[in-house]
Structures are given as structure tokens and as C-alpha cells.
Amino acid sequence: MTQAVRAMQAGGPEVLEFGEIETPKPGAGEVLVNVEAAGVNFIDTYRRSGVYPMEYPHVVGVEGTGHIAEVGEGIESWQVGDRVAWHEGPGSYATQVVVNADFLLRVPEGVSAEVAAAMPLQGLTAQYLATSSHEIKPGQTALVHAGAGGVGLLLTQIIKHLGGNVISTVSTEEKAELARKAGADDVFLYGEGVNITAKVKELTDGEGVDVAYDGVGKDTFDASLASIKPLGSMVLFGGASGQVPPFDIQRLNSSGGIFLSRPSLAWFVRSSEELAKRSAMLFNGIEHGWLNFRVGATFPLAEAADAHRALEGRKTTGKVVLSA
């Protein structure tokens, strides 16, 4: 039997139940993993609460790390005992989970279980944003909203590693300090009464930024678009404040021929080779000390409900992890 955390029905953290389930069996192209740690993400809370339609009960979680316990048919590149992590493994809040082998990352032994569980979703997102959605060149300046969030802190570090400059927006002075420690060149608080565009133009001598990375969405989109220099890029990768309403595409022309993209991770890791290439950069950063994954809190697997409360209550900075 396997211990797991299930959402018994749609609702708040109280619907999460820790108990035993039958150990899953890997099919063709899959592996069974003994889980060391699982990452806690907002998508888990959306599926638990019913924001994203799901069947109930279901084992929560999609991200984690551990060692392969059993290999399914047709797999030649992985074997029992290999240390792995993944960004897409439904049912990861468990002591054992089945994962599609195409989604596995090979984890170096020097990386802790907490960091390996925290890395895949946010790390891979930050990596593709800075290297593919808009490829940062030395000397370019990027506007990074929510710069003290999980993706924001990693994105800032990667941009700096690539030779770029970062203007970061945050909501509190505590978060401003985190953004500065991550390498942000300029940090300011955004919110009611703050003219984001005016502040960005002031910091760039009236030019604007080469790219705006916006995971906030509705509340910041217009200001982001107005903060970009001609022929720059607007990368909208989330909607924490709500989705951006439909708008007249002609605005991209009148704003200076802006390039607009709305990416998501799935399109940038469509092959195991691409996944390995992107994760290699992240593990290299960890190994050589230029990339720091901030784990803000670790909870035992049995206390997943408390982990969800902490995440939804914005009571932590950095990644929340469950230890199996």
C-alpha cells in the first residue's frame, strides 16, 4: 500500500485526507517512483477547490522528486535506483507515484530533495521565459512583475546570468529585499497610486524596457505594454490578478510594433531532449552557485492541508514543499 493525500470533494484545505491507497502500477512508457518530496503549487489548490474540474476523490499534486522503484515496458533510458524529478506527474502527494518517463529529469546527487522538488515547474518556466519567449541578450533590460515570487526570483537570476538588467516590481518592502538579493538592479512597490509606466520610463531614461515578463495579468497588462520600447516584447505568462480582457490588436502597432506572446511550459518541453536541455541549465546554475532555489517552508506529507493554507494565505516566500 501507498500513503497519499486525496481531495475527497471540491472545497478548502479541509477536504484533503491523508491515508492509504493501493500502490499504482506503471504501464508502458511509465515508471513507479518512491517519492522523497513533492512541490506544492497553485494548480494543486485549483484542482482541490474545483476551480479546475476534476474527479473526486483524487490524489493531489503534479511535481516531485524521488528514486525509480519499477520500470514499465519499453523504457531503456531509465533504470531502478535512478534519482529523478518531474513537472507533470498527477498524484505526486504520495509515497509512490507513476510518472510518464518522457517527463523525467535526471537529478544530480548533490541536489537536495527539497530543491529537486521545488525546481521543475517554476525553474523550467523561468528558463524558457528568458531563453525562448524572449531571448535575453547582454545589456537588455527586463521588467519582471511579482519579482519576489517563485518564478520571479528565478527569472531574475537567469536574466542576470545571461547579462541582462532587471527592473522588479513587488508588493512589500520584505519582498523588495528578496528581489534585490536575487540580483534585481531596480526594485519598486506597485499597487494603488503607483504609475508603473512612469517609474519604468524614469529608470530607463525614457526609453522603456526590451521585454516585460508579466505573470500578474489584468492589473498590470496595460502598464506593461506602455513600458516597452519600440520592437520590444510583451510576454504574458500568467493571470494572478485575473485574465486580460480581449483587446484591439492594433494597440501592438501603436505601442511601437510590440511582439506579444502568451506561452505556457507545455509548449517548451514537448520532447525529452528539450526537457533535458532546459533542466541541464538549471542544475548547472545550482552546481555553480549562480542559481538559488528558495524553499520557504517544508511540511510533512500528512500536513498537506496546512501547506495549502500557507500557500493560499500568502504566508510563505519561496517554494512550499511536502516531505514524504
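Model, not experiment: these values are computed from the prediction.
Of the residues Asp82, Thr65, Val115, the one that meets the side-chain contact (heavy atoms from CB on, under 4.5 Å) test with Val107 is Thr65.
A donor-acceptor pair is defined here as one N or O able to donate and one able to accept, closer than 3.5 Å; such a pair exists between the side chain of Ser241 and the backbone of Lys218. A donor-acceptor pair under 3.5 Å is formed between the side chain of Asp214 and the backbone N or O of Gly217. Distance alone, capped at 3.5 Å, places no donor-acceptor pair between the Glu303 side chain and the Pro300 backbone. Remark: side-chain polar atoms of Gln157 are paired, donor with acceptor, to backbone N or O of Leu153 under 3.5 angstrom. For Tyr213 (side chain) and His134 (main-chain N/O), a donor-acceptor pair under 3.5 Å exists by modelled atom type. Remark: the backbone N or O of Asp102 is not paired with any side-chain donor or acceptor of Ser272 at under 3.5 angstrom.
From Ile228, atom CD1 reaches atom CE of Met234 across 5.5 Å, with rounding to the nearest 0.5 Å. The structure places CD1 of Ile286 at 6.0 Å from CE of Met119, a figure rounded to the nearest 0.5 Å. Here CD of Gln140 is found 7.5 Å from NZ of Lys229. Values are rounded to the nearest 0.5 Å. A distance of 10.0 Å separates CG of Asp248 from CG of Asn253, quoted to the nearest 0.5 Å. Atom OG of Ser233 is separated from atom CG of Leu129 by 11.5 Å, given to the nearest 0.5 angstrom. Rounded to the nearest 0.5 angstrom, Leu105 CG and His87 NE2 are separated by 8.0 Å.
By the 4.5 Å heavy-atom criterion applied to side chains, Leu178 and Arg294 are counted as neighbours. Within the 4.5 Å cutoff, the side chain of Pro108 has no heavy atoms near those of the Glu287 side chain. Contact check for His161 versus Leu291: no side-chain heavy atoms found under the 4.5 Å cut-off. Pro26 places none of its side-chain heavy atoms less than 4.5 Å from the side chain of Val71. Looking at Arg262 and Leu260, their side chains never come closer than 4.5 Å, going by heavy atoms from C-beta outward. Looking at Trp290 and Asn284, their side chains come closer than 4.5 Å, going by heavy atoms from C-beta outward. Inter-residue side-chain proximity for Phe221 and Pro245 is flagged as unmet; no heavy-atom pair is nearer than 4.5 Å. Between Asp185 and Lys160, the closest side-chain pair of non-hydrogen atoms falls below 4.5 Å.
Nearest heavy atoms, Ala94 versus Thr2: CB-CG2, 4.1 Å. In terms of heavy atoms, Thr131 sits closest to Arg278 at OG1-NH1, 3.3 Å. Residues Ser168 and Val170 come closest through the heavy atom pair OG-CG1, 4.0 Å. The two residues Ala184 and Val187 come nearest to each other via the heavy atoms CB-CG2, 3.7 Å. The shortest non-hydrogen separation linking Glu173 to Leu189 is OE2-CD1, 3.9 Å. Counting all heavy atoms, side chain and backbone alike, Ala307 lies closest to Val320 at CB-CG1, 3.9 Å.
Side chain to side chain, Tyr190 and Asp219 fail the donor-acceptor criterion of an N or O pair below 3.5 Å. Judged by distance alone, the side chains of His308 and Arg48 do bring a donor and an acceptor atom under 3.5 Å apart. No side-chain donor from either of Asn100 and Glu30 sits under 3.5 Å from a side-chain acceptor of the other.
Grouping the Ile, Leu, Val, Met, Phe, Trp and Tyr side chains by contacts below 4.5 angstrom, directly or via other members, places Val144 with Phe293. Grouping the Ile, Leu, Val, Met, Phe, Trp and Tyr side chains by contacts below 4.5 angstrom, directly or via other members, places Leu282 with Leu162. Hydrophobic clustering (ILVMFWY, side-chain heavy atoms < 4.5 Å, transitive): Met281 and Ile159 are in one cluster. A chain of hydrophobic side-chain contacts below 4.5 Å, direct or via other Ile, Leu, Val, Met, Phe, Trp or Tyr residues, connects Phe299 to Phe42. Clustering ILVMFWY residues whenever any of their side-chain heavy atoms sit less than 4.5 angstrom apart, transitively, puts Val166 in a cluster other than the one holding Val200.
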Exercise for review: I would like to know whether Val40 and Tyr93 meet side-chain contact (heavy atoms from CB on, under 4.5 Å); could you show each step before the answer?
Suggested key: CA-CA 9 Å; Val40 180; Tyr93 288 14; 3.4 Å; yes
**Study point:** Residues Ile258, Arg251; criterion side-chain contact (heavy atoms from CB on, under 4.5 Å); working and verdict
**Key:** CA-CA 9 Å; Ile258 302 301; Arg251 285 180 59 191; over 6 Å; no
Point to revise | Worked verdict on Thr169 versus Lys199 for side-chain contact (heavy atoms from CB on, under 4.5 Å) | key: CA-CA 10 Å; Thr169 70; Lys199 188 67 177 177; over 6 Å; no
Exercise for review: I would like to know whether His58 and Val60 meet side-chain contact (heavy atoms from CB on, under 4.5 Å); could you show each step before the answer?
Suggested key: CA-CA 6 Å; His58 70 268; Val60 188; 4.2 Å; yes
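Between Glu70 and Lys25, at least one side-chain N (NZ, or NE/NH1/NH2) sits under 4.0 Å from a carboxylate O, which counts as a salt bridge. Salt bridge annotation for Glu273-Lys277: absent, with no cationic side-chain nitrogen under 4.0 angstrom from a carboxylate oxygen. For the pair Glu36 and Arg83, the salt-bridge criterion is met [side-chain N within less than 4.0 Å of a carboxylate O].
Crowding of Glu22 atom CD: a count of heavy atoms from other residues, nucleotides or ligands under 6.0 Å not exceeding 12.
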